Novice: 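Sharing a structure, written as structure tokens. Questions coming.
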Amino acid sequence: MVHCCVLRVLLMLSCTPAWPAAVFIISEQQQEKLFRPESRGSHLRVRRGWIWSQIFVEEEDSTPRNIGQLKSDYDSGDFTIKYILSGEGAGEIFIIDEYTGEISSLQPLDREVKPYYTLQAQAINRRSKQPVEPESEFIIKVQDINDNAPEFINEPYVSSIPEMCPTGTTVIQVTATDADDPMFGNNAKLIYSILQGEPYFSVEPTTGIIVTSWSQLDREAKEIYLVVVQVKDMLGLSGGFSATTTVTISLTDVNDNGPTFQHNLYTFAVSESAPVGSTVGRIMAEDGDVGVNARMNYSLEDLEESSTFTIHTDPETQEGIIILAQPLDYENKRRFVIAVEAINENTDTRFLSMDQFSDRTTLKITVTNVDEPPVFSGTPYIWKVLENAQTSTQVGTVYARDTDITNTAIRYDLSETPDTQQMFRIDPDNGTVYVTNLLDRETAAWYNLTVFAREILDNQLSSSVSVLITVLDINDNPPALAHDYQPFVCEDAQPGELIELISATDADDPVDGQHFYFSMIPDKHINPNFTIRDNQDNTASVLARRSSFRRQEQTHYHLPVVIRDSGTPVLSSTSTLSIRVCVCQPNDHCPSDGAQTHTLPLDISMQILLGLAVCCITLAVLSTLVLAVRKCKALQHEKAAPGEPKAEEFSQKTLSFSVPEPPSVPLRRLGRPSAACIRMSLRHSLLLGPEHQQFQQFMAERLAEADADLDADPHDCLHTYADEGAGSSAGSLSSLESLTFDPCGTLSWDAGPHRLRLSAWPAPTDQTSF
């Protein structure tokens, strides 16, 4: 059995009969694949093949129609073969007649959406349900028609070119596309043309490149051009589609214009009082160019040889700004005529000559009059006057005048300050300044006066000027020592040794400087201790004439110094130096007290020493006596009450006399109560006062007893009593001090009711001891 065979495919063009028929042969590999026994089964025989027509469908055809037929070479026309269609669009776009194999389209197709469809066909025996032909693939192509208009891409189109560029300069390229099939007819073949923009621009028909066709494109005449370009398909033939686009073309500036003034004369007015630097006016030269090509510089050419004004360019507006450079004076010059030139900053000789890049015009500036204050002449005023100038001395004269045409009279006065009013005055009519008080250069070396000049009439405008008066020095101050010198001389100083270096000062200020002369007071006796040597440099040296100075002999020496100046007249003064004698320490250092720290001054007089000795002896004797008296009293106290406790408190006042003690007389001793009884009586005595009857009766009895007692001591004793109260062993009042001490003598303790007598005042002695 032959396993491979060649199948013939007959293509019948049912839709387009004009298309030529073609025969397609299936390859041996495909035949082996489709008809090998493994794929069909060993019991099937190899089929010979089948026949169908190649199919084309015109796009946009909305009428359902038969577009082709499939047929197997086994189809004998008895409808035993069933045809089945599958693949892209099968059943929706394309259907097949299962008996005849005819294929029909159901809806219009768009080639721009899908240019072809791939389908599969199969022939099956209706009885055996077995394929009589292997499944085969075929293509239905969509045939193009001119149904799409061309479209421009990359819009919008904007470009710029320099003005005055040559013909043929490329501007921009426009591009259009067509969705139709460029391989089928002329549907997608495009042609470009200019609808608007001629004769300045043109376009290349096949490429869409726009070029200039006019060489005199002037930006100043027209800056922007709108060029309309049309594109057509079908090579521009009738019946095709077209589209248009607008290209915006702008011209960039070149320097093909120079500055031009619009007027031959510009007139300005300025006040004579305008300050320097003020703006007088603005002018501008027109230039058709823009940007850097319109930049220009202005300059002035003063026809009257003056530099009163200047001009500079405003960088924003390119205007020429006229500036006042010098003060104006209506009375001196009332009009200025000035030539102005404007020239481009950048030039391009491809378009203009150098002369065409500049222009000239004329300025006329008029000065207007203003009422001005008086003007001083001869300034600055710097005068000099001697400090010994007398009052009413003329120092100088100021002068001012009214520069206006009216020439108003002037009146002068000084500023109201205390210094100027006291020292100077001015003549209000002629401006002469006089001295009114005595001057002293050492107090004020110069004066700064302010003089006012005021118009008498009109607006009374005024102006002022400063007058500097320098006071010249005269020699009216004597020289003096420059410092308060504290010189000293050491005890071991040698002859010729420098004691002090002195200098002088003078309040005067001579032109040639100060020069001082130092000397001693002329005397018939030469100073044996010190001398002065003039060093000829405004200093002098104080020298020792001798040695062996002794501080014990003399602590200070006084040296008069005469100082003379070099002025006219010569003035002098005498100053006295006080030179201390010092016991110097090493390095010639003198202590502040002038002596060694371990020695005392030995120049104290003998009378002072004797007086101090007497005072010391007197104090020693008095101290000894006081100590003896205190010791004696202590012994007496101990004898009066041996072994007894001291009273808690007592007071006594004894008037002492220097009389010999009388012979011992036995004294009566008061009874000694117990301690508890004393404490009880003390508490009870606090209830009795001086007005109490019992107290007064007791005191009367004591006084009477004292007066009758002839055995009393030669001095009186003052006792203090308190009521011991009931239960006292003595049965009476007694002195509290009697417990420990009796100032009237040594007492013995008895139980009897004895009393002490108060004696009469023996003498008028004021000595009191406690």
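For the numbers below, each heavy atom of this structure counts, side chains included, while hydrogens, waters and symmetry mates do not. Just so you know, residue 1 is the first one in the sequence shown, and it goes up from there. Quick caveat, the model's predicted, so the values are computed rather than measured.
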Novice: Rounded to the nearest 0.5 Å, what's the gap from CD on E58 to CD1 on I67? Could you check?
Specialist: 12.5 Å
Novice: Can you tell me if D355 and S353 form a side-chain donor-acceptor pair at under 3.5 Å?
Specialist: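 Absent: no donor and acceptor within the cut-off.
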Novice: Can you label the angle between the Y266 ring and the F261 ring as parallel, tilted or perpendicular, going by 30° and 60°?
Specialist: perpendicular
Novice: Kindly confirm or rule out a cation-pi arrangement of K333 over Y330, judged by NZ or CZ under 6.0 Å from the six-membered ring centre and within 45° of its axis?
Specialist: no
Novice: For N346 and N293, test the side chains for any donor-to-acceptor distance below 3.5 angstrom and give the result as yes or no.
Specialist: no
Novice: Who passes salt bridge (charged side-chain N to carboxylate O under 4.0 Å, His left out) against K222, sequence neighbours left out?
Specialist: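 Residues passing salt bridge (charged side-chain N to carboxylate O under 4.0 Å, His left out) with K222: none at all.
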Novice: Can you give me every donor-acceptor pair (side chain of residues 224-240, partner residue at least two apart or in another chain, under 3.5 Å) with its distance?
Specialist:
| residue | atom | partner | partner atom | Å |
| --- | --- | --- | --- | --- |
| D233 | OD1 | F241 | N | 2.5 |

Novice: Holding to side chain to side chain donor-acceptor pair (under 3.5 Å), I want the full list of residues that pass it with T245, two or more places apart in sequence or in another chain.
Specialist: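 T245 satisfies side chain to side chain donor-acceptor pair (under 3.5 Å) with E155 once adjacent residues are dropped.
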Novice: Got a sec, which residues hit side chain to side chain donor-acceptor pair (under 3.5 Å) with S299, two or more places apart in sequence or on another chain?
Specialist: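 By the side chain to side chain donor-acceptor pair (under 3.5 Å) rule, S299 matches no residue at all.
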Novice: With sequence neighbours left out, write down each residue that passes side chain to side chain contact (heavy atoms under 4.5 Å, CB included) with R350, or none if nothing qualifies.
Specialist: D348
Novice: Which distance, rounded to the nearest 0.5 Å, do you find between the OH of Y298 and the CD1 of I321?
Specialist: 10.0 Å
Novice: Look up atom CD in Q216 and atom OG1 in T167, then write down how far apart they are to the nearest 0.5 Å.
Specialist: 8.5 Å
Novice: Among all residues two or more places apart in sequence or in another chain, which pass the side chain to side chain donor-acceptor pair (under 3.5 Å) test with E220?
Specialist: N257
Novice: Checking T244 now: which residues fulfil side chain to side chain donor-acceptor pair (under 3.5 Å) with it, not counting sequence neighbours?
Specialist: none
Novice: What pairs with E319 under salt bridge (charged side-chain N to carboxylate O under 4.0 Å, His left out), at least two apart in sequence or on another chain?
Specialist: R282
Novice: Taking only residues at least two apart or on different chains, which pairs with a member in residues 176-187 satisfy salt bridge (charged side-chain N to carboxylate O under 4.0 Å, His left out)?
Specialist: none
Novice: Using a strict 4.0 Å threshold on nitrogen-to-oxygen distance, state whether E301 and R360 make a salt bridge.
Specialist: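 Looking at R360 together with E301, the answer is yes, because their closest N to O distance falls below 4.0 Å.
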Novice: Taking the side chain as every heavy atom from C-beta outward, state whether S278 and I323 have any pair of such atoms under 4.5 Å apart.
Specialist: no
Novice: Residues in side chain to side chain contact (heavy atoms under 4.5 Å, CB included) with S462, at least two apart?
Specialist: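 Partners of S462 by the side chain to side chain contact (heavy atoms under 4.5 Å, CB included) criterion, ordered by chain and then number, come out as R454.
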Novice: Closest heavy-atom contact between I338 and F309?
Specialist: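 Answer, listing the atom of I338 first, then F309: CD1-CD1, 3.6 Å.
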Novice: For D253, give me all partners under salt bridge (charged side-chain N to carboxylate O under 4.0 Å, His left out), at least two apart in sequence or on another chain.
Specialist: R219
Novice: Work out which heavy atom in T206 is nearest to a heavy atom in Y192; give both atom names and the distance.
Specialist: O-CE1, 3.7 Å
Novice: Could you list all the salt bridge (charged side-chain N to carboxylate O under 4.0 Å, His left out) pairs where at least one residue sits in residues 104-124, not counting sequence neighbours?
Specialist: E88-K114, R111-D144
Novice: With the side chain counted from C-beta on, respond yes when T169 and V211 share a heavy-atom pair under 4.5 Å apart, and no when they do not.
Specialist: no
